[in-house]
Amino acid sequence: MPELPEVETLRRALSATVVGRRITAIESQLPKLFVGPEEPEALVGGTVICLRRRAKFMIWDFSSRRALVMHLKLSGQLVHRDDEGRNLAAGGHPVPAFDTPLPHKATHAIMTFDDGSRLFVTDIRQFARLRVMPADEVPTFLEPFRFGPEPLSDEFGVDSLARGLQRHRRLALKPALLEQRTVAGLGNIYVDESLWRAGLHPLRPAGGVTEEELERLHTAIRSVIDRAVTHGVAEILNGRASPNHDFPAVHGREGAACPRCGTTLEKLKVAQRGTYVCGTCQVS
DNA sequence: AACTACTCCTGGAGGC
DNA sequence: TGCCTCCAGGAGTAGT
C-alpha cells in the first residue's frame with residue numbers, strides 16, 4: 001500500500017530523526033529481505049547523511065559512501081523508536097498498528113543507532129526489499145526502471161502525461177497510470193482518486209482522452225498527491241476507507257455515496273486491482 | 001515490444 | 001467455533 005505520499009511522508013518524518021545518526025548494529029531474521037549487492041553489516045559505522053525518494057523507493061545516503069535503497073512494496077512499515085521505546089517516526093503500511101510492541105513477529109530487521117534508538121522494519125507479507133550498495137551505484141540501479149516524472153515536480157506537465165499515456169494508448173487509463181514510466185509513484189489508491197477527480201473512467205483507453213480531459217487528469221493527479229503529502233495520507237484498513245474521513249473520496253468506499261453527485265460507488269476489477277468508480281461522474 | 005496472468009506472502013473478513 | 005476461500009496489492013517475470 002505505501003505509494004508516493006506514504007513514502008514521502010515517512011521520508012520527511014525519518015529525516016528529522018535519523019540524519020546525523022550513526023548505525024551501530026543491524027540485524028535481520030529474514031535473509032531474503034536484503035538482496036545485496038552488499039551485506040547489511042556494511043552499513044555499520046556509517047552516519048546517515050540524507051534520505052531521498054524516487055518513485056516509491058526510499059534511498060538512505062551514508063557518510064561511508066554507501067546507500068540503503070528500500071522498497072516497502074505492499075506492506076512494509078518503518079518505525080523509529082528512542083531508547084525508551086517511544087515512537088520518533090513511523091509510517092508505511094498501518095498493520096500492525098504503529099504503537100504495537102516491537103519487535104513484532106513480522107519485524108524482519110532492526111537497525112540500532114548511536115543514541116540507542118532503533119529502526120524496526122516490519123512487513124506482514126514479506127514483499128519489501130532492502131538493498132545495500134555503494135552510493136555511486138544508485139543511479140545505475142534506478143536507470144532501468146525509466147521512471148516517469150515525479151508528479152509534484154516541474155517535469156510533470158500536461159505534455160509529459162500525454163506522452164506517457166500515448167505510449168500505452170491501447171491500455172486502459174488505470175493500468176497506464178499504474179505504469180511507473182508514465183508518472184512515478186502512483187499506486188492503486190491514488191490512481192482511483194485521480195481518475196474520479198478528473199471524471200474519467202478507469203477503463204477508458206489511455207490513447208482516447210481529449211486535450212481537455214488530459215488537463216483535468218494532470219490537475220487531478222497533482223492535487224490528489226499534493227493533498228496527501230501536505231494534509232495526510234489515505235487511511236485504508238483491510239481494503240476499506242474510514243467513514244469518518246473525507247479522504248480518500250472513493251477508494252475503499254463501495255456502496256457509499258459519491259461525494260460529488262451522490263451516486264452509489266461501485267467496485268470493479270481493472271487490471272487485477274480493486275477499482276472504485278462513480279458510474280455517473282466517470283464517463284466511459 | 002506490448003500486453004496479460006501469475007507469483008511472491010500473510011492476516012483479516014466473510015460464508016457456511 | 002472453526003475451517004475454507006477470497007482478497008489486499010507493487011512489481012518482477014513467464015508466457016502469448
Side-chain angles (χ1 to χ4, degrees), chain A residues 1-8 10 28-36 53-59 69-78 91-98 100 103-109 121-131 141-148 151 163-195 202-208 225 233-242 248 250-255 266-276:
Chain A
M1 192 187 61
E3 305 180 28
L4 185 158
E6 285 78 11
V7 180
E8 178 61 17
L10 181 54
S28 176
Q29 297 78 16
L30 186 72
K32 67 182 177 186
L33 178 66
F34 283 91
V35 288
R53 182 189 56 75
R54 179 69 173 115
K56 297 167 193 166
F57 282 105
M58 196 189 312
I59 303 157
V69 181
M70 297 180 153
H71 200 304
L72 298 177
K73 294 284 185 83
L74 297 180
S75 50
Q77 175 194 90
L78 303 179
H93 192 66
V95 178
F98 295 125
T100 296
H104 179 268
K105 64 176 175 179
T107 298
H108 305 306
V121 182
T122 302
D123 183 356
I124 56 171
R125 283 168 223 167
Q126 305 183 8
F127 287 162
R129 292 295 179 264
L130 276 57
R131 293 178 165 81
F141 169 74
L142 292 176
E143 198 275 328
F145 291 96
R146 301 194 179 278
F147 289 125
R163 280 196 304 274
L165 293 181
Q166 200 54 31
R167 183 163 44 233
H168 301 285
R169 55 187 169 277
R170 305 175 73 100
L171 219 51
L173 268 178
K174 175 142 185 178
L177 289 171
L178 286 171
E179 172 58 54
Q180 300 296 295
R181 287 177 66 180
T182 307
V183 190
L186 296 186
N188 204 33
I189 297 168
Y190 294 98
V191 166
D192 279 5
E193 292 298 298
S194 300
L195 288 171
L203 288 172
R204 283 273 297 273
I225 298 297
V233 299
E235 290 178 38
I236 303 284
L237 223 48
N238 299 321
R240 294 195 184 276
S242 164
V250 292
H251 191 92
R253 298 194 193 276
E254 179 185 20
E266 312 162 50
K267 183 180 182 184
L268 313 174
K269 198 112 182 167
V270 179
Q272 266 73 270
R273 311 261 159 100
T275 300
Y276 298 84

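Numbered from 1 within each chain, the chains take letters A, B, ... in sequence-line order.
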Undergrad: Under 4.0 Å between any heavy atoms, over every strand shown, what does His251(A) touch: base, sugar-phosphate, or nothing? Just pick one.
TA: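 Contact class for His251(A): sugar-phosphate only.
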
Undergrad: Taking NZ from Lys56(A) and C1' from dG12(C), how many angstroms apart are they, rounded to a whole number?
TA: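 Lys56(A) atom NZ is separated from dG12(C) atom C1' by 13 Å.
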
Undergrad: Are Lys73(A) and dC8(B) close enough that a side-chain N or O sits under 4.0 Å from OP1 or OP2?
TA: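 False: Lys73(A) side-chain N/O out of range (4.0 Å or more) of dC8(B) OP1/OP2.
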
Undergrad: Are Lys105(A) and dG11(B) close enough that a side-chain N or O sits under 4.0 Å from OP1 or OP2?
TA: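 Indeed, a polar side-chain atom of Lys105(A) lies that close.
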
Undergrad: With the side chain of Phe145(A) defined as its heavy atoms from C-beta on, choose the nearest nucleotide among dC9(B), dC3(B), dG12(C).
TA: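 Output: dG12(C).
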
Undergrad: When the distance from CD of Gln126(A) to P of dT7(B) is rounded to whole Å, what number comes out?
TA: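 Value for this atom pair: 18 Å.
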
Undergrad: For dG10(C), take OP1 and OP2 only and decide whether either is under 4.0 Å from a side-chain N or O of Arg273(A).
TA: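 Yes, within the criterion.
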
Undergrad: Quick check on DNA chain B: between Val95(A) and Arg170(A), whose nearest nucleotide comes earlier from the 5' end?
TA: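 Its nearest nucleotide being more 5', the pick is Arg170(A).
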
Undergrad: In whole angstrom, give the distance that lies between atom CZ of Arg125(A) and atom P of dC8(B).
TA: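 Rounding to the nearest Å, CZ of Arg125(A) and P of dC8(B) are 15 Å apart.
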
Undergrad: Choosing from dG11(B), dA8(C), dC8(B), which nucleotide comes nearest the side chain of Lys32(A)?
TA: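 Of dG11(B), dA8(C), dC8(B), dC8(B) is nearest to the side chain of Lys32(A).
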
Undergrad: Rounding to an integer number of Å, can you tell me how far Leu177(A) CG sits from dA11(C) C1'?
TA: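 Atom CG in Leu177(A) sits about 17 Å away from atom C1' in dA11(C).
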
Undergrad: Over 60° means perpendicular and under 30° means parallel, so tell me whether Phe145(A) and Phe141(A) are parallel, tilted or perpendicular.
TA: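 The arrangement is perpendicular - the two ring planes meet at more than 60°.
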
Undergrad: Find the distance Asn188(A):CG to dA8(C):P and express it as a whole number of Å.
TA: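 Interatomic distance, CG of Asn188(A) to P of dA8(C): 8 Å.
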
Undergrad: When the distance from CG of Leu178(A) to P of dA8(C) is rounded to whole Å, what number comes out?
TA: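 Those two atoms, CG and P, are 14 Å apart.
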
Undergrad: What does Leu72(A) touch in the nucleic acid at a heavy-atom separation under 4.0 angstrom: a base, only the sugar-phosphate, or nothing?
TA: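 Nothing: the residue Leu72(A), judged by heavy atoms under 4.0 Å, touches no strand.
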
Undergrad: Measuring from atom CZ of Arg204(A) to atom CG of Leu165(A), what distance do you get when rounded to the nearest 0.5 angstrom?
TA: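 Those atoms lie 11.0 Å apart.
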
Undergrad: Would you classify Gln272(A) as touching base, sugar-phosphate or nothing, given that sugar-phosphate means primed atoms plus P, OP1 and OP2, and contacts are heavy atoms under 4.0 Å?
TA: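 Gln272(A): base contact, heavy atoms under 4.0 Å.
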
Undergrad: For the pair made of CD1 in Ile189(A) and C1' in dG10(C), what is the distance, rounded to whole Å?
TA: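 Atom-to-atom, Ile189(A) to dG10(C), this comes out as 12 Å.
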
Undergrad: Strictly below 4.0 Å: does His71(A) bring a side-chain N or O up to OP1 or OP2 of dG10(C)?
TA: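 It does not, given that no N or O in the side chain of His71(A) lies less than 4.0 Å from OP1 or OP2 of dG10(C).
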
Undergrad: Rounded to the nearest 0.5 Å, what separates atom NE2 in His71(A) from atom CE in Met58(A)?
TA: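 Between atom NE2 of His71(A) and atom CE of Met58(A) there are 11.0 Å.
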
Undergrad: Taking only N and O in the side chain of Lys269(A), is any of them less than 4.0 Å away from OP1 or OP2 of dT4(B)?
TA: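 Lys269(A) to dT4(B) OP1/OP2: no side-chain N or O under 4.0 Å.
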
Undergrad: Can you measure from CZ (Arg181(A)) to CZ (Arg167(A)) and round to the nearest 0.5 angstrom?
TA: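 If I round to the nearest 0.5 Å, the distance is 4.5 Å.
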
Undergrad: Measure the spacing between CG of Asn188(A) and CG of Leu177(A) and express it to the nearest 0.5 Å.
TA: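 Answer for the CG-CG pair, Asn188(A) versus Leu177(A), is 11.5 Å.
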
Undergrad: dA11(C) C1' sits how many Å from Phe57(A) CZ, rounded?
TA: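 It works out to 9 Å between those atoms.
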
